[in-house]
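Protein chains get the first letters and strands the later ones, always in sequence-line order, with residue 1 at the start of each. What you see is a predicted model, and the numbers here were worked out from it, not measured in a lab.
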Amino acid sequence: MLQQTTVAAVGPYYVAFLKRWPTVEALAAAPVEEVMSAWAGLGYYSRARNLHACARHVAHNLGGKFPDTEESLRALPGVGPYTASAIAAIAFAKRAAPVDGNIERVLARLYAVREPLPGAKPALRALAQELAPKERAGDFAQAMMDLGAMICTPKAPDCANCPWTEDCMGRALGLASVLPYRDAKAVRPLRRGAAFVVISTDDEVLLRRRPPKGLLGGMHEPPMSAWEVDFPANARAAPLKAAFRKLPGLVRHGFTHFELELEVYRVEGVATSAAPPATEWAPLRDLKRFALPTVMKKVIAHATADRDAGPLFKR
DNA sequence: AAGACGTGGGA
DNA sequence: TTCCCAAGTCT
């Protein structure tokens with residue numbers, strides 16, 4: 001869960017997951033659709049699918065016991081170099097040197113590494129390997145991460161309270177607050193589309209499921225057009241023949257590599273029997289059961305703002 | 001090997 | 001408002 005995600009964002013999800021699926025066997029026994037629903041809102045949804053596949057592999061093929069070496073952990077779905085190393089060091093007390101974004105920043109400053117990321121990653125990994133102690137490597141790694149999160153922060157590091165302030169080459173060179181350098185990020189293109197919110201006579205909304213791989217893989221969404229350079233020329237992408245009304249305003253959402261603008265069309269009072277193939281009705285008052293990513297919650301909230309007493313999605 | 005892959009919180 | 005970026009992984 002913590003891959004590329006802050007502790008604050010993960011907290012409630014972590015608590016809910018462990019309450020609902022306290023053991024690897026329990027998670028392995030869960031339908032993947034339920035796991036996707038429970039993950040909705042956290043982002044990077046392949047992590048949820050990988051976590052579930054990992055639980056099934058451990059429960060079914062490894063007797064419920066996690067492997068305890070970096071190499072064998074690395075073979076699990078969703079477990080890359082960082083996570084394998086972190087588990088080996090923290091859970092199994094092995095000498096391993098996980099390197100996350102915090103540790104990259106701390107090391108780049110401590111040793112004044114001027115090569116920009118991501119090219120500097122191998123050099124930073126080598127420095128981490130040298131530094132990792134034989135004993136309590138897990139505590140060392142977590143201490144480095146906490147230093148990065150609380151003292152050696154990205155913008156304005158609190159060097160006065162840093163235990164390494166006298167040793168820091170970056171600080172000596174006046175580079176502490178600007179390291180690590182990064183390659184320039186690409187400009188994010190804009191894509192546009194139209195979403196169709198169909199409300200039934202029973203206050204349900206029509207949803208379909210996205211393909212399992214790719215963007216928002218396996219998640220629910222209202223029917224919508226493809227996302228392209230321009231809005232669709234007409235409402236041809238509508239899921240059924242009905243008197244859709246185009247709502248004022250747009251739904252905007254930023255993804256990692258592009259920005260999205262969605263027009264929202266709505267129709268109400270549709271007969272429940274009218275659901276097209278591969279769609280299903282979701283009660284507006286019980287959307288928690290569905291795997292709705294944040295952008296899709298925005299669409300539904302936009303389409304129901306005028307007919308709701310209170311917020312549909314409370315946080 | 002470079003690009004795909006989400007979201008929310010802080011500055 | 002806008003930008004940055006976080007306990008990275010997969011293809």
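- Here C:dA6 is the nucleotide among C:dA7, C:dA6, B:dG6 with the atom lying nearest to any side-chain atom of A:Arg182.
- For A:Asp100, whose side chain is taken as the heavy atoms from C-beta onward, the closest listed nucleotide among B:dC5, C:dC10, C:dA7 is C:dA7.
- Picking from C:dG8, C:dA7, C:dC10 the nucleotide with the shortest atom distance to the side chain of A:Gln4 gives C:dG8.
- Between the CG atom in A:Leu27 and the CZ atom in A:Phe17 there is a gap of 7.0 Å [rounded to 0.5 Å].
- Donor-acceptor pairing under 3.5 Å, judged by distance alone, is absent between the side chain of A:Thr6 and the base of B:dG9.
- Distance from the side chain of A:Leu2 is smallest to C:dA7 among C:dA7, B:dT7, C:dC5.
- Using atom C1' as the reference point in both C:dA7 and B:dA2, the two lie 23 Å apart (nearest Å).
- Geometrically, A:Arg191 engages A:Phe258 in a cation-pi contact, judged by NZ or CZ lying under 6.0 Å from the ring centre and within 45° of the ring axis.
- Looking at A:Ser273, its side chain never comes within 3.5 Å of a backbone N or O of A:Ala271 through a donor-acceptor pair.
- Rounded to a whole angstrom, the distance from the P atom of B:dG6 to that of C:dT11 is 14 Å.
- Regarding contacts with the backbone of C:dG8, every side-chain N or O of A:Thr5 stays at 4.0 angstrom or more from both OP1 and OP2.
- Both tests do not hold together for A:Arg56 against A:Trp21: distance to the six-membered ring centre under 6.0 Å, angle to the ring axis within 45°.
- Position along DNA chain C of the nearest nucleotide to A:Lys213 versus A:Gly148 favours A:Gly148 as the more 5'-ward residue.
- A close approach under 4.0 Å does occur between a side-chain nitrogen or oxygen of A:Lys185 and OP1 or OP2 of C:dC4.
- Listed nucleotides B:dG6, C:dT9, C:dA7 differ in distance to A:Gln3; the shortest reach to its side chain belongs to C:dT9.
- Scanning atom types as modelled, one donor and one acceptor separated by under 3.5 angstrom connect the side chain of A:Tyr44 and the base of B:dG6.
- Comparing C:dG8, C:dC5, B:dT7 by their nearest atom to the side chain of A:Leu216 picks out B:dT7.
- Checking A:Lys155 against A:Leu215, the closest nucleotide of DNA chain B that is more toward the 5' end is the one next to A:Leu215.
- Within the 4.0 Å cut-off from OP1 or OP2 of B:dC5, at least one side-chain nitrogen or oxygen of A:His257 is found.
- Using a 4.0 Å heavy-atom criterion, one finds that A:Thr294 contacts the sugar-phosphate atoms exclusively.
- Of the candidate nucleotides C:dG8, C:dA6, B:dG6, C:dG8 has the atom lying nearest to any side-chain atom of A:Thr83.
- For B:dG6, neither phosphate oxygen OP1 nor OP2 lies less than 4.0 angstrom from any side-chain nitrogen or oxygen of A:His253.
- The side chain of A:Arg105 lies closest to C:dA7 when the candidates are B:dT7, C:dA7, B:dG6.
- The phosphate of C:dC10 (OP1 or OP2) has no side-chain N or O of A:Arg49 nearer than 4.0 angstrom.
- Regarding contacts with the backbone of C:dC10, a side-chain N or O of A:Arg74 is found under 4.0 angstrom from either OP1 or OP2.
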Carefully, step by step, assess A:Glu34 and A:Arg20 under the rule salt bridge (charged side-chain N to carboxylate O under 4.0 Å, His left out).
CA-CA 10 Å; A:Glu34 286 187 20; A:Arg20 188 165 176 182; 3.1 Å; yes
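- For A:Arg188, the CZ atom counts as densely surrounded, since its 6.0 Å shell holds more than 12 non-hydrogen atoms of other residues, nucleotides or ligands.
- Comparing B:dT7, C:dT9, C:dA6 by their closest approach to the side chain of A:Phe255 singles out B:dT7.
- Considering only side-chain atoms of A:Met145, the nucleotide from C:dC5, B:dC5, C:dA7 that sits closest is C:dA7.
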